[in-house]
Protein chains: 2
Amino acid sequence: MREFRPVATRRAFEEIASQIRGRLARQGLRAGDRLPPERELAGQFHVSRNTLREALRSLEIAGLLELKKGATGGAFIKEGGGDAAVAGLADLYHLGTIKPEHLTEARIVIGTEVARLACLRRTKEDLATLEANVAAAEHATTKGDMVNRALVNYEFHRLLARAARNPVLTILTDALMEMTRHFVESVGYMPNRYVMPSRHRLLACLRTKDGDAAAREMESMLKRLQRFHLAAYGLNAGRKK
Amino acid sequence: MREFRPVATRRAFEEIASQIRGRLARQGLRAGDRLPPERELAGQFHVSRNTLREALRSLEIAGLLELKKGATGGAFIKEGGGDAAVAGLADLYHLGTIKPEHLTEARIVIGTEVARLACLRRTKEDLATLEANVAAAEHATTKGDMVNRALVNYEFHRLLARAARNPVLTILTDALMEMTRHFVESVGYMPNRYVMPSRHRLLACLRTKDGDAAAREMESMLKRLQRFHLAAYGLNAGRKK
DNA sequence: GTCTCTCAATGGTTCAACCAATTGTTTCGA
DNA sequence: TCGAAACAATTGGTTGAACCATTGAGAGAC
């Protein structure tokens, strides 16, 4: 019944990283804690400093550690911020595993629910920040600053996701915005006349905490954006290097 | 207007990893391609082999490379499978950034839409695989094998996500199931009487490609599961080490 | 007190080996 | 001729020692 498991020909640095991960998971180590210096850790694990460094490097890339130089430096347990997960998802877009049609579809699925939850859970501060963001977007639009307008617009979605108070959605939204940014850069910035009006309707929903209306508004806006993006993608599909 | 940017005190291995990433993004390197041997690459970048290895290590952890030993070994460009992103999200659960209440909520949001899309896009093969999975779950249930039943149930969601044909949702579902697995292991396995009936209703929706009905069924099931899980979490909240 | 300067601690990098796994080739025997 | 065992070449994995670069705390001068 049970299959054979591949023999554990684990590399030394994997074993070390695994042990440190284990202590993290068991709450033996907490954010902000400092690990012993490399030279000492190498001694504890009975490996060379190079090998230990590869282990630390892997944990750093995974977003679990932060390495600081200097007298009071060292390896610090990082607050889980999701950067690594965002980078991992963004890589998949670069690799072509995630294509623009997947990206736009995922944005609709996630964005709709983010808008709904944000409506229900937003604080006054969230609302003020979002209103400021929309004002900044208006400003960039009237100035014709497409690049900044795009950046402010990504930020709107990120802020909205934070207001939804669910880190899974936050991180996913960050990743989707990162991919969208790359997408837009590759097909070129283009003006449109429906995003800003949608923003104001969305703000109205946020003020009245009407989650269903916000979800409908966001879905409708994202679907228009999807058609817009995929059309631009189709036009430019053949000319990429 | 423009803020100062932190001076780029990039480490050597970061610069190398960035260059290789860049070639990947520009399609200069494709899945399956092999990079030159470490000794040669180190020469090309004018760094020591150790430093080069830290760069390769970081790319390996990010899921972009696979390192193989032996005469025909080397650093191979990996097919983008999302393992790194899944691990990154799972780490956030272990770190406590993502809590059980976030997990269960995200599962409802994602699972509902996955069910809807899977209904619309599933092939005959998808349906057959899902039916086989439910049969296996039935078998494990009647045998009282809770552990296997749980594993088969996670697999159901993963299969359903694959049928939805969107890698973002696939990877996210994989990550959510990984977190759920850890959650269930920590609070203990518990029987319930509503998952299996729900599975059969879901299969019926899949057969008739009724996406809305599938979404409703999945949402309802996941909400029951949410109450179930959070209740178990509350009971066990105080006794964790 | 407060401002420098110094210095020790720590991560970053280099170098030169050698170990270990894998594969292709050669050799030798049946 | 064929197959298996021995060998050699290639490549990643590991080691150890040394030196560089950065950082911050403490000593010392004013």
Side-chain angles (χ1 to χ4, degrees), chain A residues 4-21 29 31-79 83-84, chain B residues 4-21 29 31-79 83-84:
Chain A
F4 288 114
R5 285 191 311 143
V7 64
T9 172
R10 258 181 144 177
R11 292 169 288 184
F13 83 89
E14 284 178 322
E15 173 63 27
I16 293 171
S18 171
Q19 284 195 36
I20 297 177
R21 265 195 152 83
L29 293 169
D33 286 358
R34 199 186 82 164
L35 265 50
E38 292 183 349
R39 292 160 176 85
E40 193 181 323
L41 269 181
Q44 286 188 25
F45 284 113
H46 292 98
V47 297
S48 78
R49 200 176 146 217
N50 280 324
T51 301
L52 177 92
R53 277 177 63 77
E54 291 197 11
L56 293 184
R57 184 70 60 229
S58 74
L59 292 169
E60 187 194 14
I61 297 301
L64 272 54
L65 289 185
E66 186 174 4
L67 301 179
K68 290 180 188 170
K69 277 187 293 193
T72 59
F76 295 85
I77 310 295
K78 206 170 160 184
E79 194 74 43
D83 294 2
Chain B
F4 288 115
R5 283 190 313 143
V7 64
T9 174
R10 256 182 147 179
R11 292 169 288 185
F13 84 88
E14 284 178 322
E15 173 63 27
I16 294 170
S18 170
Q19 283 195 35
I20 296 176
R21 265 196 152 83
L29 292 169
D33 286 358
R34 198 187 81 166
L35 264 51
E38 292 183 351
R39 291 157 177 87
E40 194 180 322
L41 270 180
Q44 287 187 27
F45 284 112
H46 291 100
V47 297
S48 78
R49 208 180 136 213
N50 277 328
T51 301
L52 178 90
R53 276 177 63 77
E54 291 198 10
L56 294 184
R57 185 71 58 229
S58 75
L59 292 169
E60 189 195 10
I61 298 301
L64 272 53
L65 290 185
E66 186 175 2
L67 273 53
K68 290 181 189 167
K69 275 189 296 194
T72 59
F76 295 85
I77 309 295
K78 208 169 157 184
E79 194 74 44
D83 293 3

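Just so it is clear, the structure is predicted and the values come from calculations on it, not from any experiment. Residue numbers begin at 1 in each chain, while the letters A, B, ... track the order of the sequences.
Residue I16(B) contributes atom CD1, which lies 12 Å from atom C1' of dT14(C) at whole-angstrom precision. Look at CZ on R11(A): it is 16 Å from C1' on dC19(C), rounded to the nearest Å. Atom C1' of nucleotide dT10(C) and atom CD of E40(A) are separated by 12 Å, given to the nearest angstrom. In this structure, CG of L56(B) is placed 14 Å from P of dT11(D), rounded to the nearest angstrom. One atom, CZ of R39(B), and another, P of dA9(D), lie 15 Å apart when rounded to the nearest Å. Counting to the nearest Å, the C1' atom of dA21(D) and the CG atom of L67(A) are 15 Å from each other. Counting to the nearest Å, the P atom of dG12(C) and the CG atom of L52(B) are 16 Å from each other. We find that CZ of R57(B) is positioned 16 Å from P of dG12(C), with the value rounded to whole Å.
Contact check on K78(B) versus E66(B) returns no salt bridge, with no Lys/Arg side-chain nitrogen under 4.0 Å from an Asp/Glu carboxylate oxygen. Salt-bridge formation is detected for the pair E60(B)/R57(B): a Lys NZ or Arg NE/NH1/NH2 atom is positioned less than 4.0 Å from an Asp or Glu carboxylate oxygen.
Looking at R49(B), its side chain comes within 3.5 Å of the base of dG13(D) through a donor and an acceptor atom.
When the nearest nucleotides of DNA chain D are assigned to T72(A) and N50(A) by heavy-atom distance, the more 5′-ward of the two goes with N50(A). Both F13(A) and G73(A) sit near DNA chain D, but only F13(A) has its closest nucleotide nearer the 5' end.
Side-chain N/O atoms of R53(B) include none lying less than 4.0 angstrom from OP1 or OP2 on dG12(D). Contact between the side-chain N/O atoms of R34(B) and the OP1/OP2 oxygens of dT11(D) is found at a separation under 4.0 Å.
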Verdict with supporting geometry, E14(A) and R11(A), salt bridge (Lys or Arg N to Asp or Glu O under 4.0 Å): CA-CA 5 Å; E14(A) 284 178 322; R11(A) 292 169 288 184; 3.1 Å; yes
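The 12-atom threshold is exceeded at CD of Q44(B), counting heavy atoms of other residues, nucleotides or ligands nearer than 6.0 Å.
Checking dT15(D), dG12(D), dT23(C) against every side-chain atom of K69(B), the shortest atom distance belongs to dG12(D).
Summarising the geometry, atom CZ belonging to R53(A) is positioned 8.5 Å from atom CG belonging to N50(B); distances are rounded to the nearest 0.5 Å.
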